[in-house]
Amino acid sequence: MRPRSWRGRSHSSAVSAAVTDAIEYGDLAYVLTCGTSFLGYTACLYRQFIVGRQPSEQEKGWYTELRDRLDAVMGELRPGRTTADAAAHFAPASKFGYEDEAELLTIEYAHGIGLVNVGSRFVHYNYPIINRQWSLQYPEEIEEGMVIAVEGIEGVHRKAGVRTESMVVVTANGPELIDHFPRDEILVAGAI
C-alpha cells in the first residue's frame, strides 16, 4: 500500500496524491484503507499519523477541531434525522479557501459503505451521500441499519493539515462507532 500524505512543508492541495518521495521525520501523513474489503463488505477509514515526534500544539488543535466537528456530524446520524442535519456540522468550503462547495465535495463529507464487487478494486461510495453541496438543499432521511463513513480535513489551506475518517452504524439508539482504530489524537509513528 502506498500511503497518502499531507506533508508539512509540501502539501499542495486538499486532495493529495500518493506520496512518491520518502516520508520523513516530522511529516504529517495519513493512512487510508478505502476499498479494503472482507467477503464483499468494504471499509473506508483514515487515520492521521506524525512521524517520529509528538505533534505541535497547532497540529493538536487542528486534530481536536476536526475530531469534534466529525463527532457532531456523527451525532446527527440517528433514525429520523436527515442528511441536512448532519451536513450542517461540516465546515463550509470558504473555510478552506474554496469558492464553491463542489470544490470540497469529497473532502468534508460522509457516505454510505457496504457491499461491493470484490473483484473491482474500485472504491464504491453508497448512499447516503452527505455534504454541504447537496444535503442542505436535498435532505434524505437517515435510517436504522445504514453504515456511514464520515471524513474531513483541518489545517492551513494548501500548506499543512490533518485528516481522519471513522465509520458508524445507525442504530435505534443513535450512531455506534464500528471501527476501533484509535482516533482520540494524532498517532505518533516511529522513524522508519
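Note that these values count all heavy atoms, side chains included, but never hydrogens, waters or copies made by symmetry.
The side-chain contact (heavy atoms from CB on, under 4.5 Å) search around V168 returns M74, L77, I148, P175, L177, not counting sequence neighbours. For Q54, the side chain to side chain donor-acceptor pair (under 3.5 Å) test picks out no residue, with sequence neighbours left out.
Atom CZ of residue R132 and atom NE2 of residue H89 lie 10.5 Å apart, to the nearest 0.5 angstrom. Here CD of E103 is found 10.0 Å from CD of Q133. Values are rounded to the nearest 0.5 Å. Interatomic distance, CZ of R67 versus CZ of R69, reported as 12.0 Å (0.5 Å rounding). Atom-to-atom distance recorded for E165:CD and Y46:OH is 6.0 Å, nearest 0.5 angstrom. A distance of 7.5 Å separates OG of S56 from CD1 of I186, quoted to the nearest 0.5 Å. For the atom pair OH of Y63 and CG of D68, the computed distance is 10.5 Å after rounding to the nearest 0.5 Å.
Minimum interatomic distance between A189 and F49 (heavy atoms only, all atoms of both residues): CB-CD2, 4.1 Å.
A 4.5 Å side-chain heavy-atom check between I153 and E108 finds at least one atom pair inside the cut-off. Residues Y98 and I107 have side chains not in contact (no heavy-atom distance under 4.5 Å, counting atoms from C-beta outward). Using a 4.5 Å cut-off on side-chain heavy atoms (C-beta onward), I142 and I130 make contact. For the pair E140/S135, no side-chain contact is recorded, criterion being any heavy-atom separation below 4.5 Å from C-beta on. Residues E154 and Q48 have side chains not in contact (no heavy-atom distance under 4.5 Å, counting atoms from C-beta outward). You'll find the side chain of Y109 stays beyond 4.5 Å of the side chain of L104, heavy atoms only. Within the 4.5 Å cutoff, side-chain heavy atoms of H111 are placed close to those of E151.
For the side chain to side chain contact (heavy atoms under 4.5 Å, CB included) criterion with C44, the lone passing option out of I113, V147, V150 is I113.
Sequence neighbours left out, the pairs with a member in residues 179-188 that pass side chain to side chain donor-acceptor pair (under 3.5 Å) are R47-D179, D71-R183, S166-R183.
Checked by atom type and distance alone, the side chain of R78 pairs as donor or acceptor with a backbone atom of N173 at under 3.5 Å.
Under a hydrophobic clustering in which Ile, Leu, Val, Met, Phe, Trp and Tyr are joined whenever their side-chain heavy atoms come within less than 4.5 Å, directly or via other members, W134 and L136 fall into different clusters.
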### Task
Could you walk me through whether Y127 and M146 pass the side chain to side chain contact (heavy atoms under 4.5 Å, CB included) test, one step at a time?
CA-CA 9 Å; Y127 289 100; M146 288 180 166; over 6 Å; no
